[in-house]
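Inspection log for the structure reproduced underneath, given as structure tokens.
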Amino acid sequence: MTGRKMLRASGLVLGSLAFMTTAQADEAKSKAMPYAGVSVGQSIATDFCDDLEPLSCDDKSLAVRAYFGASFSEYIGGEVGFTFVDDVEASGSAFGASASLASGYQAFDGTMLFGTSRDNDFRLFAKAGIVAWNYDSKGYISGSGMMIVGDEEESGVSFRTGLGALYNVTDNVSVRLDWDFIPDIGDDETTGETDLHILSVGPQFRF
């Protein structure tokens, strides 16, 4: 084989190797990468305490979310999750009468994530999705030998938005911080209506 042919063959081999390497890298970037996680934090029901004076009211409670998802490309992913928010409560007594109110929330969600490159150890992302929620409110008023008990429950669908940050501790384990906003939970005529803000943190595991 002449020198010119050897150079041409070497160029073809190198070009093929470069093409295959690039194709494999592009395929790896576009490959769906599944993950799962759990986060624990605090929720705030922003309108819960409105019009409940003179009751003592706490609009903050424990929030837990478990989720499963996948990154479909370098910048876009999707996930489904279940969120449990413990009861927010109001109570008080005066002139021989007492009253109490407690409201809790559970929901399933489907959410899209849009962020910086998943190849970075530190990632920022925004979220948008749909929440199917159930909101339960229980209360009572007692005094003068009588008690009135109420239990109302509402279900519905709301939009879900939020922001988050993720840091890769190892190749398979990350720490994730989330802020979520879920508006219009409940019904003004029965359970009362509120907006939820949830700040949570927890581990995320890649498969």
Next item on the list: Would you name the heavy atoms of Asp87 and Ala102 that are closest together and state the gap between them?
Entry: OD2-CB, 3.9 Å
Next item on the list: Report yes or no: is the cationic atom of Arg176 (NZ for Lys, CZ for Arg) closer than 6.0 Å to the six-membered ring centre of Tyr67, at no more than 45° off its axis?
Entry: yes
Note to self: Quick check: closest heavy atoms across Ser61 and Val85, and the distance to 0.1 Å?
What the structure shows: OG-CG1, 3.3 Å
Check: Do you see a donor-acceptor pair shorter than 3.5 Å between the side chains of Ser117 and Glu74?
Finding: yes
Next item on the list: Grab the two heavy atoms, one from Ser103 and one from Phe48, that are nearest each other, plus how far apart they are.
Entry: OG-CE1, 3.5 Å
Check: For Leu124, does its backbone N or O pair with a side-chain atom of Thr116 as donor and acceptor, under 3.5 Å?
Finding: yes
Margin query: Can you give me the closest heavy-atom contact between Leu177 and Ser200, atom names plus distance?
Written below: CD1-O, 3.3 Å
Item checked: CG-CD1 distance between Asp184 and Ile182, expressed to the nearest 0.5 angstrom -> 11.0 Å
Check: In terms of ring plane angle, is the pair Trp179 and Phe181 parallel, tilted or perpendicular, where the classes change at 30° and 60°?
Finding: parallel
Next item on the list: Keeping the roles fixed (side chain from Asp59, backbone from Asp47), state whether a donor-acceptor pair exists under 3.5 Å.
Entry: no
Notebook entry, point to check: For atom CG of Asp171, is the number of surrounding heavy atoms from other residues, nucleotides or ligands below 6.0 Å larger than 12?
Noted result: no
Note to self: Please determine whether side chain to side chain contact (heavy atoms under 4.5 Å, CB included) holds for the pair Asp151 and Asp136, giving the CA-CA distance in whole Å, both sets of side-chain angles, and the decisive distance to 0.1 Å.
What the structure shows: CA-CA 7 Å; Asp151 186 353; Asp136 184 39; 3.0 Å; yes
Next item on the list: Using atom types as modelled and distance alone, determine if a side-chain donor or acceptor of Thr46 lies under 3.5 Å from a backbone N or O of Asp195.
Entry: yes
Check: Are Thr111 and Glu79 close enough that some pair of their side-chain heavy atoms sits under 4.5 Å apart?
Finding: yes
Notebook entry, point to check: Given Arg65, which of Asp109, Asp180, Asp178 fulfils the side-chain hydrogen bond (donor to acceptor under 3.5 Å, both in side chains) condition?
Noted result: Asp109
Notebook entry, point to check: Distance from Ile198 atom CD1 to Gln42 atom CD, nearest 0.5 Å?
Noted result: 10.5 Å
Checklist line | Nearest heavy atoms of Ser137 and Leu101, plus distance in Å | finding: OG-CD1, 3.3 Å
Item checked: Rounded distance [0.5 Å steps], OH in Tyr75 versus CZ in Arg118 -> 10.5 Å
Margin query: Within this structure, what is the CG-OG distance for the pair Asp187 and Ser155, rounded to the nearest 0.5 Å?
Written below: 11.0 Å
Check: In Å and rounded to the nearest 0.5 Å, what is the CD1 to OG1 distance from Ile185 to Thr194?
Finding: 8.0 Å
Item checked: Residue list, salt bridge (Lys or Arg N to Asp or Glu O under 4.0 Å) with Glu154, at least two apart or on another chain -> none
Next item on the list: With Phe205 as reference, evaluate Val173, Val38, Asn172 under the side chain to side chain contact (heavy atoms under 4.5 Å, CB included) test and give the passing residue.
Entry: Val173
Margin query: Can you give me the closest heavy-atom contact between Phe68 and Tyr35, atom names plus distance?
Written below: CD1-O, 3.2 Å
Next item on the list: Say whether Leu163 and Phe122 are linked into one hydrophobic cluster, either directly or through other cluster members, by side-chain heavy-atom distances under 4.5 angstrom.
Entry: yes
Checklist line | Connected via hydrophobic side-chain network under 4.5 Å: Val201 and Leu199 | finding: yes
Item checked: Between OH on residue Tyr135 and CD on residue Gln106, distance to nearest 0.5 Å -> 11.0 Å
Notebook entry, point to check: Does atom CZ of Phe159 have more than 12 heavy-atom neighbours from other groups under 6.0 Å away?
Noted result: no
Item checked: Connected via hydrophobic side-chain network under 4.5 Å: Leu166 and Ile76 -> no
